[in-house]
Each structure stands twice: as structure tokens, then as C-alpha cells.
Amino acid sequence: MAEIQASNWIDGKASLPGSDPTKIFDPASGELIGHFQASDSAEVARAVKAAKTSQSHWWALGAQRRTEMLGQVAANLRNLSQSLASIESREMGKPLAMAQEDIEGSADLLEHQISGANDFFAETNSDLGRLVRKPYGVAALITPWNYPVCQVTDVIGALLSAGNTVVVKPSEKAPLSVAALSEVFSCLPPGVVNIVLGNGSTGAALIEHPDVDLVHFTGSVSTGRKVGAAAGGRLIPCFLELGGKDPLVIDEGVDIEWAAEMAVHGSLFNTGQVCTSIERIYVHKKIAESFIAEVVNKASEWTVGPGNDPINKLGPLIDADQRDLIHAQVFEAQLNGAQVLIGGEPIPGPGFFYPPTVVLNPPDDSRLMTEETFGPVITVCVVESFEEGIKRANASSYGLSASALTKNPENIEVASRLNAGAITINGGGTGPEDPPFEPVKASGSGRIFFGPKSLESYTTAYAVNIGEAK
Ligand code: NAD
């Protein structure tokens, strides 16, 4: 693949804000794959101005026309999924097929989100309606590197369908695939979507800009605190989708093979670099021995290597810092009495690879159990009872998602007391359509809907009181 020179996309045109390129390397090989130029506050201001100028026109087009245009965005996303996935896989390491599947799934989600816009605005904006919903205006969409394309496309359809215009600021660690999204958005009027590449300062400048009306941030807890404070200082709404330390509690009596598959897939998928990765497993002592043996078996089958070789299920980590952090957590837990059953040592050679690692009984107060790991590490703690597992699962500062496996109807009740934004019992997935997702504790804030109801989140309500004229 030729080196990529990624550009900003402002007012429907590509732009390069400076002459000081930041290089992007393939995390599997260390090879230079592209560069971008970090945007300063003047470049951010140009993007916000374009978004503000186009917003009234975009809103005035009406829900039906916006829906048609966004349908084209979904089609473009599907048509370009292969090339986008190939850039994404190169810049952050995930298996190519998985990247493409994610992007195609995101096109489906976008279509689903925009499908209710006509009805939504017809109901809320009728002439004599007392509650009128309108877009906020210009939205800042700041995203992380672990799903570079989907973190933008999973959200932007709803923001746009609601009548907002958007300035996207992707992660400086994986900006190339997001820059390539300009082709996907080229069917929209200029200024409706703008992309500014850059680091934390670029993101901070965007939130501080007086014409930004809403912030949608996905990233770490530590950055989320800064983003929340900056948005709070400006008194603008802010959605925070942050990190997790998600638990899985496993009861006695469940099928071992099934439980081990859930545990391994949930922990290792995307090399554990998923906000909702399973990072703490509590298993009932009565099935612990056979469960652990099956987890070790299954985890050992996850072949490690570059994402462009279909044989590999586990790509590299994003960078050396991430690999060092994971290893430090595993090593410290081991020093404090945990048993490392497989893995536990970085793989030497080019690229930032870490093997599938299974750690037994890390101390509750170890960083491996209290801080987000974001790596291919499966931690298993043996508990005396299902209740003890639920109690320890809830003893965390995070609350993104949580899951449990049990055949016991009483324990299903107990599991519903898990304290997280999304609770999954026995794999679930059959709840009411489009249930809201609202992270708790340090995992974030703001109610997100994945379907047409997302328009509720991204519009603001006005009361219109009409009295009798005299
Ligand atoms: P990060 O917090 O380091 O960066 C996220 C984004 O914020 C980047 O674009 C970055 O440039 C920007 N940024 C940094 N400082 C900023 C500032 N002061 N103001 C504004 N923007 C700033 O996160 P990351 O390492 O890119 O992503 C990994 C994290 O994201 C993990 O914690 C993961 O759990 C979380 N995540 C959460 C979800 C979710 O839906 N809850 C989804 C994916 C990832």
C-alpha cells in the first residue's frame, strides 16, 4: 500500500493545515504507512465556521431530504468498506475481515438510525405542537482509535439526521481511515460534515470554540474528565462514552464449553481493545477447574499476527505504550500472587504483539482488576457463590456493561442487580428494540439510543405555549 497523506476535510474541500507531518506506522510491522498534519485552533475555527454556515440550510432541507442524503452516505460506506477496512487494519492492526464486517454493520446501523426521522419530526414539530424539537446546531464528534471508522459512523447518522452539522476529530493514533471517510460524506452539502485531524490540543480547541453547541466524546476516563469539564465550563451538553472494566459472572451448572467460549471471545475480540471487553471473570468454584481448562484451550487457539493474514485472530496492540501498560498490569498481579496460566510475556520482534494471556486469581486491588487493561488478557477469579461474584463484579469504579451466565431463575434476578449501563444475562440480545444505553459511574454519562430514538438525544426540546389572542 502506498503511503497515505491524510488531509482535513472542511467545507467540502481537502486541506493540509501545516507543514509538520505526524507519521503513522503499521503496529504489526513498524512500517511507515502515512502521515497527517495536526490542526491548530485557526484550522478548527475554519471547520466550525463551515459547519455553522451550513447548519440552517441542512435543517431547512427537512427530515425526508436529509434521510435520502444520509441513505446515500450508508451506501457509500458499504461500497467503500473494503478500502476503508484495509486502511483501518493497517493503521491499528485489527484483522481485515473483522474491520470490513464492522464497517458494513455500521452502514446498517446508520440506516436504522435515520429510518424514523420523518415520523419523529412530524410528531414533534407539528404547527400546534407544544413540544418542538430542534437540533442543537454544531456538534463536535471526538473519537478514539480502537474502532476508528465505526466510532464516527455509528454516531454521525443520528447527529445529522437530527439536523445538526458535525466537526469530527478522530484519534491521532488512527486518523487515516477517518480522513478517507471524506469520500463517504462527499454526497452531502459542503460543511455538513467536516474532519479535522490532530491531537488532544485540536480536540480541546474544538470544544472551546464558542460556536460548538454539543460534544459527543468517546475515549478514556482521564480525557473524558477534561472534556466534561471543558463542556461544563461552556454549559453545552456533552455525551461521554468512556472506558470499562466489564465483569462476567458465571454460575455453577452452566455448559462449560459455552461459558468458556463467551469468556474467551468477550475478552480477546479486537485484541481486547474494546470498551466493553470482558476484563474480570468470576466463576463459581464448583465448575472452576473444568472452566479454566477450557478457557486455556480455547484462548491458545487464537493465532497472533498481522491483521492482513486471514489466519490471525489476534492482531497487534496499537503501540508500545499500550503493550507496556498491559504487561505491567500482568506482571504486578503475578508478583502479588496471581498465577499466569498461559501468555504473560510480550512477543519479541517487529510489531506490538502480546499473546492471549490467562491470569488466575489476581488480587482484587491489583491494577489488573481495578484499571482498564485494553489487551488480550483473561482474568479469572474463583468465587464461593454466584452472589459473591455479583458483589465483586459491582465493586468497581466503572459501569459500562456487565454480564452473567446462570440457569437458576433466582440468580437471574440477582444478576439483574449488576450495576452497569448494559446488562446481558445468558447472552441475551432479545430485549425491547433499541433499549437506551447509559453508562454509569466512571464509564460516562448521557443517554444513547442506537435506533431511531437517537434523535431524542441529539435534539433539544422547546416548549411552545399558545394562548388565546384578545
Ligand atoms: P483518549 O481519551 O486517549 O483519546 C480519545 C480522543 O480524545 C482522541 O481523539 C484524542 O485526541 C482526544 N483528546 C485527547 N485529549 C483531549 C482533550 N483535552 N480535549 C478534547 N479531546 C482530547 O482515548 P483512546 O486511547 O483514543 O481510546 C481508548 C479509550 O476509549 C478506552 O478507554 C476505551 O474504553 C474508550 N472507548 C469507549 C467506548 C464507549 O463507547 N464507551 C468505545 C470505544 C472506546
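Indexing begins at 1, ligand by ligand and atom by atom, following the structure's order. Note that the structure is a prediction, hence the values are computed from the model and not measured. Residue numbers count from 1 along this sequence.
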Check each heavy atom of [X] against ligand 1 and say whether those closer than 4.0 Å belong to the side chain, the backbone, both or neither.
| X | result |
| --- | --- |
| I207 | side chain |
| Y147 | neither |
| P170 | backbone |
| Q151 | side chain |
| V221 | neither |
| T218 | both |

Return the residue, atom name and 0.1 Å-rounded distance of the protein heavy atom closest to atom 34 (O) of ligand 1.
->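 Nearest neighbour among protein heavy atoms for atom 34 (O) of ligand 1, to 0.1 Å: E372 OE2, 2.6 Å.
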Closest approach of any protein heavy atom to atom 15 (N) of ligand 1, naming residue and atom |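 So the nearest neighbour among protein heavy atoms is T223 CG2, 3.2 Å.
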Answer yes if the ring centres of F374 and W145 are under 6.0 angstrom apart, and no otherwise.
-> yes
Do F239 and Y458 have their ring centres less than 6.0 Å from each other?
-> yes
Between the side chains of [Y] and [X], is the shortest nitrogen-to-carboxylate-oxygen separation below 4.0 Å, so that they form an ion pair?
| X | Y | value |
| --- | --- | --- |
| K169 | E172 | yes |
| R90 | E31 | yes |
| E371 | K245 | no |

Consider every N or O of N146 and every N or O of ligand 1, then say whether any pair is closer than 3.5 Å.
->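 By distance alone, the answer is no.
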Under 4.0 angstrom from ligand 1, any heavy atom of S171?
-> yes
Stepwise, does the salt bridge (charged side-chain N to carboxylate O under 4.0 Å, His left out) test hold for D11 with K49?
-> CA-CA 9 Å; D11 209 14; K49 187 174 177 202; over 6 Å; no
So how far is it from T22 OG1 to K173 NZ, rounded to the nearest 0.5 Å?
-> 13.5 Å
